[in-house]
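So the structure is just underneath, and the comments pick up after that.
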Amino acid sequence: MRPEQDLLGILADARDRARTLHGWNSGPERIYDLLRTATKVRAMEISAGVTTDVPWESVLGQLVAWHHDQPVGTGACSEEDAAEIVLAAVAAQRFDPLEASIRSGVYEVHMTRGDFRVRHRWDASAEVADMLLEQDARPTSVPPLSDAERKWISSQVVGSRSGPPLEVLEAAVQRAAATIEVYRQSVPEGQVPDSFQLGEGMTAGDMTSVLAVITGIASLSEHTAHRLSRLEATLAHMPTSQLLAVIAEMCPNVSEAHQALVVERLTYRPGRSCRTSPLISHDGVVIICPPLLTPRAVDAIMLRSATHAPGGFGRIGREQGARATAWADWLRAAPGALVAERVPAARTDGGSAGDLDVVVVDPARRLGLCLEIKWPIEALSLHEGMKVESWISSAARQLDRLRGELRSGAASARLPRSWPSFDSISWTWCVGTPQQLTTRPLPVPDMHATSLRYVQALGTPPDLGSLVTALRSPDLPARGVHFGVRKRSISVGRHRVHVDALGIRTSSWRPRFGERVSLDIDCLTRHVNSSGQPAEPLRARCLCVLSGRRYIPCR
């Protein structure tokens, strides 16, 4: 058996053992016991000032998924049983991403003296670039607590069950709405417009309004629990009817049907993800778990939850495709560049060979760039990030097929009449995404891939030639300068597994046209968000699997 298969079998056994724990024999109310236990452990960690790499949002999501996958028994889930399951969920955040990365080919596995050595198969520079570009896109400040919220929080006592008065809740919702907008406006490649159709007549603006209510409740609960040093009390739970009544009060401009539709889409079901359906429903009660809600991910939440509806995936895909005009808008700023979109290619028999999504030409230098644009929903998990990688590979094959027909003369591109002929231009071929670079080698030769976020960070190109050079030889973070690769060890049963993990050394890197940035080595200190809590992962698909999805800051 190859080392990869041997290790995958060991990881599968570890996952299966977690599903045989005694606590799963308890009744359906165990979900609240599990979440409360996990938030209590998280509270102990924070109160003790201990910094760990445990991604609690992933742990909580794992508990929800396991609960829905396991048969329901009877009786209460004891504190000891709940703690055992929570510890298994923490361990799973090391095992599951490792397994997924091995299966997708991201890692290669060797066996050395009975231990497994797991290394990156490809250069991780693009991965680090995405982390740093995402960090750079984060807003540096968000709206603070209002006076009304601060005063109410300071008046609360341990064990209090009273909810906030209307004026405090309104202040929390207004702050959440402003925070969401700050995050959405900070995205370099643009936010989903409020008019974006999410199906059944509901717009992105409608869903954002309702999300602000739920996020406001979660944030108020979190701040109150911090003040009381009781983070196990962060779980807000109420009858679903009560949540809908609060939403109706706070969102008078959103129809009741759309209010209910948002809650349904945000409620976890098997087959959904807690990243995008973070509400947990139990016996007519809805649980709001603050770590699962983040204003940074609102656009991804509304888009992915919309794909759950019948026909939603195709509709959202078409709507997302319309956002690709942002590429053409940016390219038009290049001096001397001519830009066209959706250039048709016809075969010699008159049939369609497809379209060139974006074509850019410098007529004076006879340089050209053909872009195949894909606009997937932002990845919020390792699995979703790998799916985007697959999209990029698929797009490269699609563009290569059309390129082959154009080169052979089997098809011709119908460029604008004033442009030079297709055969007189030296072409560069590239796949473009909104946020994500690819770490994998593309499956076809002489093809490149980049992201709008990356090229925007370059600034306005001085000419098309400079942009082409940057695509062919991208300026990426350097190993040993901007990041390091460390060996981190974990135990899986009786085995030791030594895994490559990324550590960021400096946040000063930014891509440049035709040059390398200075070799400053500064410790990355921006790993805590504005509320003083551990920051969200710099990049959802970070391959630092030992920390779930988080990068590992240098010590």
Side-chain angles (χ1 to χ4, degrees), residues 1-16 18 53-55 58-59 62 90-132 134 379-394 396 436-443 449 476-480 482-505 537-554:
M1 183 180 293
R2 294 186 305 168
E4 290 93 341
Q5 297 303 317
D6 196 7
L7 180 53
L8 287 173
I10 292 169
L11 293 172
D13 289 343
R15 184 177 60 249
D16 291 341
D53 58 11
V54 176
S58 297
V59 172
Q62 183 73 80
V90 171
Q93 301 319 303
R94 291 169 167 81
F95 302 159
D96 290 356
L98 176 58
E99 180 182 14
S101 297
I102 294 172
R103 290 190 184 281
S104 67
V106 170
Y107 283 118
E108 55 186 8
V109 183
H110 302 279
M111 177 77 79
T112 304
R113 293 188 296 275
D115 290 348
F116 291 98
R117 184 67 176 98
V118 183
R119 297 181 183 276
H120 289 130
R121 190 178 300 274
W122 304 302
D123 183 6
S125 297
E127 186 76 32
V128 177
D130 278 349
M131 294 182 199
L132 295 175
E134 181 179 327
L380 297 181
S381 68
L382 177 63
H383 174 71
E384 291 166 357
M386 290 177 174
K387 288 181 68 175
V388 175
E389 294 264 12
S390 297
W391 274 47
I392 294 171
S393 294
S394 176
Q436 186 168 318
L437 299 173
T438 181
T439 57
R440 300 178 185 178
L442 293 180
L476 296 172
R479 180 172 176 173
H482 305 104
F483 73 98
V485 179
R486 309 175 183 184
K487 183 176 75 172
R488 301 293 296 273
S489 301
I490 60 175
S491 296
V492 186
R494 60 184 178 84
H495 299 275
R496 294 284 288 172
V497 183
H498 309 289
V499 190
D500 277 356
L502 300 177
I504 307 297
R505 292 187 175 184
L538 281 175
R539 177 58 188 275
R541 67 187 189 97
C542 173
L543 301 182
C544 182
V545 299
L546 293 174
S547 54
R549 283 167 44 228
R550 297 176 185 272
Y551 71 108
I552 298 179
C554 55

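Computed over heavy atoms, backbone and side chain alike; hydrogens, waters and symmetry mates excluded. Predicted model, so just to flag it, every value in this text is computed and none were measured. Residue numbers count from 1 along this sequence.
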Could you pull out the closest heavy-atom pair between [X] and [Y], with the gap in Å?
{"X": "Ala379", "Y": "Gln436", "value": "CB-OE1, 4.0 Å"}
{"X": "Gly105", "Y": "Trp122", "value": "O-CH2, 3.4 Å"}
{"X": "Ser101", "Y": "Tyr107", "value": "CB-CD1, 3.2 Å"}
{"X": "Thr438", "Y": "Ala126", "value": "O-CB, 3.6 Å"}

Legend entry - Identified side-chain contact (heavy atoms from CB on, under 4.5 Å) counterpart of Ser104 within the set Met386, His383, Glu99, Lys387: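 Testing Ser104 for a side-chain contact (heavy atoms from CB on, under 4.5 Å) against Met386, His383, Glu99, Lys387 leaves exactly one candidate, Met386.
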Inset, instruction - Evaluate the side-chain contact (heavy atoms from CB on, under 4.5 Å) criterion for residues Val128 and Leu476: first the C-alpha distance (whole Å), next the side-chain angles of each, then the deciding distance (0.1 Å), finally the verdict. - result: CA-CA 8 Å; Val128 177; Leu476 296 172; over 6 Å; no
Inset, instruction - Nearest 0.5 Å please: distance from the CG atom of Leu8 over to the CZ atom of Phe95. - result: 13.5 Å
Legend entry - Gap separating the OG atom of Ser393 from the CZ atom of Arg440, nearest 0.5 angstrom: 5.5 Å
Would you say that [X] contacts [Y] through its side chain, given a criterion of any heavy-atom pair below 4.5 Å between the two side chains?
{"X": "Val106", "Y": "Ile102", "answer": "no"}
{"X": "Leu502", "Y": "Arg486", "answer": "no"}
{"X": "Ser489", "Y": "Val497", "answer": "no"}
{"X": "His482", "Y": "Ile504", "answer": "no"}

Under the salt bridge (Lys or Arg N to Asp or Glu O under 4.0 Å) test, residues paired with [X] that sit two or more places apart:
{"X": "Arg496", "value": "none"}
{"X": "Glu4", "value": "none"}
{"X": "Arg121", "value": "Glu108"}

Inset, instruction - Kindly indicate, with the supporting measurements, whether the criterion side-chain contact (heavy atoms from CB on, under 4.5 Å) is fulfilled by Leu7 and Leu11. - result: CA-CA 6 Å; Leu7 180 53; Leu11 293 172; 4.1 Å; yes
Inset, instruction - Determine, stepwise, if the pair Phe116 / Val499 fulfils side-chain contact (heavy atoms from CB on, under 4.5 Å). - result: CA-CA 8 Å; Phe116 291 98; Val499 190; over 6 Å; no
Legend entry - side-chain contact (heavy atoms from CB on, under 4.5 Å) involving Ala396 - partner list, sequence neighbours excluded: Val431, Leu442, Pro443, Val444, Met447
Inset, instruction - Sorted by first residue and then second, give each salt bridge (Lys or Arg N to Asp or Glu O under 4.0 Å) pair with at least one member in residues 109-119; sequence neighbours left out. - result: Arg117-Asp500
Inset, instruction - Starting from the C-alpha separation in whole Å, work towards a yes-or-no answer on side-chain contact (heavy atoms from CB on, under 4.5 Å) for Gln93 and Val54. - result: CA-CA 8 Å; Gln93 301 319 303; Val54 176; over 6 Å; no
Legend entry - With sequence neighbours excluded, residues passing ring pair (Phe, Tyr, Trp, His ring centres under 6.0 Å) with His498: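 Not a single residue meets the ring pair (Phe, Tyr, Trp, His ring centres under 6.0 Å) criterion with His498.
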